[in-house]
K.L.:
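Pasting in a structure now, in structure tokens, and then I'll have a few things to ask.
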Amino acid sequence: MANELAYDVSPLLKVYKDGRIERLTGTATVPPSLDPTTGVHSNDVVISPETRVSARLYLPKPEPADPTQKLPLLVYFHGGGFCIETAASPTYHNYLNALSARGNVVVLSVDYRLAPEHPIPAAYDDSWAALKWAASHSGGNGPNEWLNSRADFRRVFLAGDSAGANISHHVALRASVEGLAGVDLRGIVLVHPYFWGRDPIGAEAENGAVIGDESLAGKIWRFVHPSSGSGSDDPLINPDKDPNVGKLGCGRVLVCVAEKDSLKDRGWFYGQVLKKNGWGGSIEVEEAKGENHVFHLFNPTCDNAGVLMDKVCNFINQDI
């Protein structure tokens, strides 16, 4: 029985009938550090002792002219299908060191709880709690001195890749519906967002792609959110089914998609969904030709990864 499978969600993880969970990737971790390449400092902070939700905070090397300068704050949500990876992953640690340095931005990388131990909506609730914790520093008297002294809460952005991009959308939406005092949420960056649906859109209909609950994307969603009654058309995974989607609480959105990514059409469709539901902000979609899902994390030195990094940094700093 020990080796009998209950769920096989390869290439992410396997669950055995005895309850054992085998994560097939995304388990390596590295400690916070002073990065010798970028000069970025990082530190781990506790968001909630009750849930053990934490985050990794990145502070770029101060400019000699003004070491007290306030910098934009980027709250980042990692990807991994809601069930693998952490904020301490070397992939994300290296990426956010580089992003913090190139964008000259303070980054809070959220370590939300993972399914199946903590099914949806835990990831959303933890991520919202992390943003509220960050917002508690807007008056300069929160528990973390880096955020008190260096983060500019008039220039706050949310970003993430894949499942983390999905989380970014929903946390921004929650901020507008519930309110978030002390924070000016300027924009969100969705990199290869994990959105889905039962009905094909765009090229999905032309190429005969497997859509809905029977696709890999649909199966992963069913696995991480087993209580969902609507599967791939759950508003959490299909923004087109969310009556509140037009209330998105920021003025600018950047969506990055990859030409060979099976989720590409969902990223393009997202902008149409926002507009037809009355959202009045500006949206830009950037497509990386010849690339696949989260290519920039697997191959961070390639030309297209550099272009994507510059796009994100310019988006954050364009209105300074």
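Since the structure is predicted, the reported quantities are computational estimates derived from the model, not experimental observations. Scope of the values below: all heavy atoms of this structure, side chains included, with no hydrogens, waters or symmetry mates. Residues: numbered from 1 along the sequence shown.
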K.L.:
Hydrophobic cluster membership, with links at side-chain heavy-atom distances under 4.5 Å among I/L/V/M/F/W/Y: are Val110 and Val183 in one?
P.N.:
yes
K.L.:
For Leu12 and Cys83, which heavy atoms make the closest approach, and how far apart are they?
P.N.:
CD1-SG, 3.7 Å
K.L.:
Before you tell me yes or no, could you show the steps for Ile211 and Asp199 under side chain to side chain contact (heavy atoms under 4.5 Å, CB included), namely the whole-Å CA-CA distance, both residues' side-chain angles and the distance that decides it to 0.1 Å?
P.N.:
CA-CA 7 Å; Ile211 300 299; Asp199 298 321; 5.9 Å; no
K.L.:
Mark yes when over 12 heavy atoms from residues, nucleotides or ligands other than Lys260 sit less than 6.0 Å from its NZ; otherwise mark no.
P.N.:
no
K.L.:
Going by the rule salt bridge (Lys or Arg N to Asp or Glu O under 4.0 Å), which residues pair with Arg252 if we only count those two or more places apart in sequence or in a different chain?
P.N.:
Asp319
K.L.:
Taking NZ, NE, NH1 and NH2 as the nitrogens, is one of them in Asp184 or Arg154 under 4.0 Å from a carboxylate oxygen of the other?
P.N.:
no
K.L.:
Taking all non-hydrogen atoms of both residues into account, name the closest pair between Ser232 and Gly212 and its distance.
P.N.:
OG-C, 3.2 Å
K.L.:
Any chance you could measure Asn43, atom CG, to Ser33, atom OG, to the nearest 0.5 Å?
P.N.:
10.0 Å
K.L.:
Quick check: does any side chain N or O of His137 sit under 3.5 Å from a backbone N or O of Asn144, one acting as donor and the other as acceptor?
P.N.:
yes
K.L.:
Do Val312 and Leu73 sit in one hydrophobic cluster, given that two such residues count as connected whenever their side-chain heavy atoms are within less than 4.5 Å of each other, even indirectly?
P.N.:
no
K.L.:
Tell me whether Leu274 is reachable from Leu236 by hopping between hydrophobic residues (I, L, V, M, F, W, Y) whose side-chain heavy atoms are closer than 4.5 Å.
P.N.:
yes
K.L.:
Using side-chain contact (heavy atoms from CB on, under 4.5 Å) as the criterion, point out the one residue from Val307, Val191, Asn304 that pairs with His296.
P.N.:
Val191
K.L.:
Report the residues that fulfil ring pair (Phe, Tyr, Trp, His ring centres under 6.0 Å) with His41, sequence neighbours left out, ordered by chain and then residue number.
P.N.:
none
K.L.:
My understanding is that only one of Tyr92, Tyr194, Tyr95 makes a side-chain hydrogen bond (donor to acceptor under 3.5 Å, both in side chains) with Asp161; could you say which?
P.N.:
Tyr92
K.L.:
Show your reasoning for whether side chain to side chain contact (heavy atoms under 4.5 Å, CB included) applies to Lys17 and Leu5.
P.N.:
CA-CA 6 Å; Lys17 288 187 177 179; Leu5 280 172; over 6 Å; no
K.L.:
Donor-acceptor check, side chain of Trp196 to backbone of Asp233, threshold 3.5 angstrom: yes or no?
P.N.:
no
K.L.:
For the pair Asp242 and Leu173, evaluate side chain to side chain contact (heavy atoms under 4.5 Å, CB included) and give the outcome as yes or no after the intermediate values.
P.N.:
CA-CA 11 Å; Asp242 187 351; Leu173 195 55; 3.4 Å; yes
K.L.:
Taking all non-hydrogen atoms of both residues into account, name the closest pair between Ala258 and Glu291 and its distance.
P.N.:
CB-O, 3.4 Å
K.L.:
Can we say Arg150 and Glu145 salt-bridge, meaning some charged N sits less than 4.0 Å from an Asp/Glu carboxylate O?
P.N.:
no
K.L.:
Hey, is the main chain of Val273 close enough, under 3.5 Å, to the side chain of Asn277 for a donor-acceptor pair?
P.N.:
yes
K.L.:
Measure across Arg56 and Pro32 and return the closest heavy-atom pair with its distance rounded to 0.1 Å.
P.N.:
NH2-CD, 3.2 Å
K.L.:
As a test of understanding, state which of Phe77, Trp279, Phe195 forms a ring pair (Phe, Tyr, Trp, His ring centres under 6.0 Å) with His169.
P.N.:
Phe195
K.L.:
Does Trp133 reach the side chain of Val46, with side-chain heavy atoms less than 4.5 Å apart?
P.N.:
no
K.L.:
For residues Pro72 and Asn317, determine if any side-chain heavy atom of one lies less than 4.5 Å from a side-chain heavy atom of the other.
P.N.:
yes
K.L.:
What distance separates Ser42 OG from Asp35 CG, expressed to the nearest 0.5 Å?
P.N.:
7.5 Å
K.L.:
Any link between Tyr76 and Leu57 through a network of hydrophobic side chains (Ile, Leu, Val, Met, Phe, Trp, Tyr) touching at under 4.5 Å?
P.N.:
no
K.L.:
Determine which pairs satisfy side-chain hydrogen bond (donor to acceptor under 3.5 Å, both in side chains) with at least one residue from residues 111-121, sequence neighbours left out, and list them in order.
P.N.:
Arg23-Glu117, His78-Tyr112, Arg113-Asp126
K.L.:
What residues form a ring pair (Phe, Tyr, Trp, His ring centres under 6.0 Å) with Phe295, not counting sequence neighbours?
P.N.:
His192
K.L.:
Verify, without hydrogens or angle tests, whether Ser127 (side chain) and Tyr124 (backbone) share a donor-acceptor contact under 3.5 angstrom.
P.N.:
no
K.L.:
Run the ring pair (Phe, Tyr, Trp, His ring centres under 6.0 Å) test against Trp221 and tell me which residues pass, sequence neighbours left out.
P.N.:
Phe82, His225
K.L.:
Kindly compute the distance separating NZ (Lys219) from OG (Ser215), expressed to the nearest 0.5 Å.
P.N.:
8.0 Å
K.L.:
Does a side-chain N-to-carboxylate-O contact under 4.0 Å join Asp213 and Arg222?
P.N.:
yes
K.L.:
Among Val45, Leu158, Leu74, find the one that has a side-chain contact (heavy atoms from CB on, under 4.5 Å) with Leu108.
P.N.:
Val45
K.L.:
Enter the distance from Ser228:OG to Asp234:CG here, rounded to the nearest 0.5 Å.
P.N.:
3.5 Å
K.L.:
For residues Cys313 and Leu99, report the shortest heavy-atom separation together with the two atoms involved.
P.N.:
SG-CD1, 3.5 Å
K.L.:
Could you walk me through whether Ser262 and His293 pass side chain to side chain donor-acceptor pair (under 3.5 Å), step by step?
P.N.:
CA-CA 8 Å; Ser262 61; His293 193 62; over 6 Å; no
K.L.:
Nearest 0.5 Å please: distance from the CG atom of Asp44 over to the OG atom of Ser54.
P.N.:
6.0 Å
K.L.:
So do the side chains of Lys70 and Phe153 get within less than 4.5 Å of each other, counting heavy atoms only?
P.N.:
no
K.L.:
I'd like to check Thr37 versus Asn97 (side-chain heavy atoms, cut-off strictly below 4.5 Å). Are they in contact?
P.N.:
no
K.L.:
Quick check: closest heavy atoms across Leu13 and Leu24, and the distance to 0.1 Å?
P.N.:
CA-CG, 3.9 Å
K.L.:
Would a single hydrophobic cluster contain both Ile237 and Trp268, if residues Ile, Leu, Val, Met, Phe, Trp and Tyr are joined by side-chain heavy-atom contacts under 4.5 Å?
P.N.:
yes
K.L.:
Just by modelled atom types, is the Val40 backbone N or O under 3.5 Å from a matching donor or acceptor in the Thr38 side chain?
P.N.:
yes
K.L.:
Measuring only between side-chain heavy atoms, which start at C-beta, is Asn244 closer than 4.5 Å to Lys247?
P.N.:
yes
K.L.:
Got Thr91 and Val294 here, is their nearest side-chain heavy-atom distance under 4.5 Å?
P.N.:
no
K.L.:
Which residue is it: Glu259, Glu204, Glu287? I am looking for the one with a salt bridge (charged side-chain N to carboxylate O under 4.0 Å, His left out) to Lys264.
P.N.:
Glu287
K.L.:
Kindly indicate, with the supporting measurements, whether the criterion side chain to side chain contact (heavy atoms under 4.5 Å, CB included) is fulfilled by Asp152 and Leu71.
P.N.:
CA-CA 5 Å; Asp152 184 352; Leu71 304 175; 6.0 Å; no
K.L.:
Mind checking salt bridge (Lys or Arg N to Asp or Glu O under 4.0 Å) for Asp240 and listing every partner two or more places apart, or none if nothing turns up?
P.N.:
Lys276
K.L.:
Hey, are the side chains of Phe157 and Leu185 touching, using non-hydrogen atoms and a 4.5 Å cut-off?
P.N.:
no
K.L.:
Check whether any side-chain N or O of Ser89 sits under 3.5 Å from a backbone N or O of Glu85 as a donor-acceptor pair, and report yes or no.
P.N.:
no
K.L.:
Would you indicate whether the side-chain heavy atoms of Leu254 and Cys256 approach each other to under 4.5 Å?
P.N.:
yes
K.L.:
Return the CZ to CG distance between Arg266 and Leu190, rounded to the nearest 0.5 Å.
P.N.:
15.0 Å
